[in-house]
4 protein chains.
Amino acid sequence: MDHIDELASALARLPGIGPRQGKRFVYYLLAAPAIERTKLATLIASLGKDVRQCPDCLRFHNGSTVPICNYCADTKRDDTLLMIVEKDQDLAAVERAGTYKGRYFVLGGVLTLSGKGAIREKELMNIVEKRLKNGLREIVLALSATSEGEHTVDRVRELLAPYRDQAKTSQLGRGLATGSELEYSDAETLRAALTNRKET
Amino acid sequence: MDHIDELASALARLPGIGPRQGKRFVYYLLAAPAIERTKLATLIASLGKDVRQCPDCLRFHNGSTVPICNYCADTKRDDTLLMIVEKDQDLAAVERAGTYKGRYFVLGGVLTLSGKGAIREKELMNIVEKRLKNGLREIVLALSATSEGEHTVDRVRELLAPYRDQAKTSQLGRGLATGSELEYSDAETLRAALTNRKET
Amino acid sequence: MDHIDELASALARLPGIGPRQGKRFVYYLLAAPAIERTKLATLIASLGKDVRQCPDCLRFHNGSTVPICNYCADTKRDDTLLMIVEKDQDLAAVERAGTYKGRYFVLGGVLTLSGKGAIREKELMNIVEKRLKNGLREIVLALSATSEGEHTVDRVRELLAPYRDQAKTSQLGRGLATGSELEYSDAETLRAALTNRKET
Amino acid sequence: MDHIDELASALARLPGIGPRQGKRFVYYLLAAPAIERTKLATLIASLGKDVRQCPDCLRFHNGSTVPICNYCADTKRDDTLLMIVEKDQDLAAVERAGTYKGRYFVLGGVLTLSGKGAIREKELMNIVEKRLKNGLREIVLALSATSEGEHTVDRVRELLAPYRDQAKTSQLGRGLATGSELEYSDAETLRAALTNRKET
């Protein structure tokens with residue numbers, strides 16, 4: 001396989017990119033100034049060196065100096081709460097929302113109904129046991145409201161069963177998401193929206 | 001305008017239908033057996049006669065005999081609750097969800113930010129005053145979680161201000177709707193999902 | 001089944017309309033002025049009376065008085081050409097293009113690869129034999145450039161085989177359609193575009 | 001800006017990629033084995049070295065050894081034809097079609113109606129003059145059938161005006177592209193399809 005095709009198929013491994021768009025990228029890079037290619041290559045090559053995975057929450061962070069990430073290091077965050085999310089981008093979304101001040105753990109994936117996918121089970125147990133020593137009281141299962149998310153929640157709750165009397169588990173509330181129209185909302189969402197209705 | 005074009009544009013008035021699809025419908029009807037056309041025409045013509053608008057909730061129902069609809073007539077439903085929805089289909093969705101057992105009122109529309117649209121204000125006041133005499137305690141504002149829905153809620157709450165000490169108002173809970181992924185959820189939805197989190 | 005549901009499912013028979021949108025239409029009609037419903041019902045009911053199917057080309061036309069349509073009646077059109085299209089809307093599109101001045105025949109459908117669908121075979125033979133007496137020299141098979149269109153063309157050519165030495169058959173030219181990009185064009189289209197290239 | 005964000009925005013420069021997907025790519029690369037990152041980085045860094053731009057047609061090719069590409073070097077190709085395409089991918093599409101055996105020239109872009117965009121004008125003149133010495137007789141303008149493509153054709157024809165009596169210019173034929181339905185085809189496409197109709 002020649003260089004163009006080899007790079008095209010390497011780029012086609014990126015999430016959501018097919019062979020044709022991979023090829024596109026190659027021609028874009030060929031037309032781009034050499035300096036842009038060099039910079040991109042350097043950033044990719046040095047990624048593993050500059051970016052570390054936090055030993056506690058397992059998220060990736062720009063921790064060239066310290067291994068532990070700023071959320072896990074921050075002594076002002078609430079040790080009684082541990083939120084379990086699927087991936088780094090979900091954690092970022094929760095931080096953007098700006099109300100959660102507890103700790104995090106990134107599962108690193110979801111389990112599909114067909115039994116595919118893998119999550120960080122051992123690391124989950126370890127962090128829970130560690131956090132329990134620091135006063136952990138509630139584990140927030142913040143998975144997506146999808147069938148895969150719920151399937152993963154079931155597995156995580158099995159894993160957390162032994163700790164049930166030390167820390168309770170909770171799940172994100174269901175209801176109308178921004179933009180939801182009643183007419184198109186499913187029964188489960190509407191029931192939750194009704195139960196969670198707020199006095200105004 | 002000839003018959004084909006006239007019918008096409010009449011059909012193009014149906015919600016979500018453009019001129020081209022209107023034309024499509026005409027050709028479909030032309031190819032369909034005369035009996036199908038006759039049946040459709042009869043059903044449309046007699047719609048106003050067979051279907052009544054309930055004088056209380058203002059929804060349309062097959063009330064050839066009685067004017068009042070079965071939800072408003074049902075003495076087993078909870079008189080302390082009145083849910084305000086935008087349109088008949090929303091009411092149907094709530095019924096499908098199957099948990100709400102109170103009364104309803106159909107606003108008949110939403111107010112757009114540009115000040116367009118109309119809602120049944122007078123009828124709303126009337127039904128609220130009537131329901132208050134029957135022990136109404138909570139008015140559930142069940143509008144869609146859209147900017148128009150929220151804009152309409154503001155107006156409805158103005159209208160209901162005089163009754164605030166007799167009946168409280170509430171809004172459907174926000175949170176993750178079925179299918180929502182954390183990564184793509186807006187801050188408001190995530191904050192609500194966190195506040196409404198449920199112990200499991 | 002009650003009136004609302006009955007009308008909803010009658011409307012759901014229109015091409016491209018599902019049960020939910022059918023319901024939508026019903027509520028739109030309920031909210032619409034009675035006069036609009038009456039007018040729509042009348043137009044549908046009288047459709048078969050005001051609109052006739054031309055005995056020659058089999059297209060539907062507003063021929064309350066004469067049975068034969070204006071294209072077939074027009075003595076200025078070219079009797080040496082007969083264009084065979086799938087449906088009335090295709091004929092309308094060709095007329096909009098404005099260059100074809102020959103005669104038409106509407107097949108009334110296409111044949112699917114799975115052998116479904118029906119076309120007006122007997123009527124096709126009849127019109128071809130009739131047109132041959134009036135100097136027909138070329139039959140233009142103007143079917144869509146889809147697998148179903150090509151499958152239908154095969155069948156039509158079988159039917160026309162007996163007349164091959166009296167009238168030739170032709171097919172619409174392939175090439176770049178307006179908006180086509182080379183990169184995304186299939187080999188067949190590009191080969192035709194190259195063969196049909198025009199000096200400029 | 002930290003490493004993750006820097007790489008995310010570098011990747012967001014790829015055609016059709018937004019900031020969010022750029023971030024996605026970064027997290028994918030972080031989770032991927034270091035070897036995959038290294039390979040990708042190497043392929044990008046060495047792209048300019050292994051891939052050359054042909055001095056004649058200006059397409060990019062894997063010419064680590066020879067500068068001139070295989071199509072321009074191939075003595076069996078037809079020197080009387082020169083096809084002008086917008087970009088390398090278009091040339092590849094024409095080759096896949098497999099009927100064209102002449103020479104190529106890659107314009108490197110299109111001109112937008114708003115006057116944006118640049119094409120290789122000087123290089124175009126040079127190659128045309130060079131090809132004329134080798135018996136060039138026809139220049140095929142193989143631009144996309146879009147407004148930008150046609151706008152670019154106008155400019156190219158201006159540039160080629162001086163050579164008009166030595167070589168004629170042609171354009172790819174218009175007609176029904178694979179998949180086109182008559183009902184949705186524009187007048188220009190239908191007129192071309194009719195003019196280019198083929199006896200069968």
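Bear in mind that the values here come from a model prediction, so they are computed numbers and not experimental data. All chains are named by letter (A, B, ...) in the order of the sequence lines, taking the proteins before the strands, and each is independently numbered beginning at 1.
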Colleague: Under a 4.5 Å heavy-atom cutoff, which of A/T38, A/V26, A/L7, A/L11 has the most pairs with chain D?
Modeller: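 Of the candidates given, the most pairs with chain D belong to A/L7.
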
Colleague: Between D/H3 and A/L43, which heavy-atom pair has the shortest distance, and what is it?
Modeller: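 Heavy-atom minimum between the residues: NE2-O, 2.8 Å.
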
Colleague: Counting neighbours of CZ on A/R13 that are heavy atoms of other residues, nucleotides or ligands and sit closer than 6.0 Å, is the number greater than 12?
Modeller: no

Colleague: So do the side chains of D/L14 and A/L29 get within less than 4.5 Å of each other, counting heavy atoms only?
Modeller: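 Yes, their side chains come closer than 4.5 Å.
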
Colleague: Relative to chain A, which of D/K39, D/E36, D/R20, D/R24 shows the most heavy atom pairs under 4.5 Å?
Modeller: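 Answer, by heavy-atom pair count under 4.5 Å with chain A: D/E36.
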
Colleague: Give, as side chain, backbone, both or neither, the part of A/A34 having an atom under 4.5 angstrom from any heavy atom of chain D.
Modeller: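 Neither part; nothing is under 4.5 Å.
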
Colleague: Examine whether an atom of D/Q53 lies under 4.5 Å from a heavy atom of chain A, and if so say whether it belongs to the side chain, the backbone or both; otherwise answer neither.
Modeller: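 No part of it gets close to chain A.
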
Colleague: Picking from D/A32, D/A92, D/G48, D/G108, which has the most non-hydrogen pairs under 4.5 angstrom with chain A?
Modeller: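 It is D/G48.
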
Colleague: Is there a side-chain contact between A/V51 and D/D2 (heavy atoms, below 4.5 Å)?
Modeller: no

Colleague: Locate the shortest heavy-atom distance separating A/I4 from D/N62; write the atom from each residue and the value.
Modeller: N-OD1, 3.1 Å

Colleague: Tell me the closest heavy-atom pair linking D/L47 and A/L30, and the distance in Å.
Modeller: CG-CD2, 3.6 Å

Colleague: Just wondering, more than 12 heavy atoms not from A/K130 lying within 6.0 Å of its NZ?
Modeller: no

Colleague: First locate atom CD of D/Q21, then atom CD1 of A/I17, and finally report the distance between them rounded to the nearest 0.5 Å.
Modeller: 4.5 Å

Colleague: Measuring from D/L40:CG to A/E6:CD, what's the distance to the nearest 0.5 Å?
Modeller: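 With rounding to 0.5 Å, CG (D/L40) is 11.0 Å from CD (A/E6).
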
Colleague: Which value, rounded to the nearest 0.5 Å, describes the distance between D/Y28 atom OH and A/K87 atom NZ?
Modeller: 16.0 Å

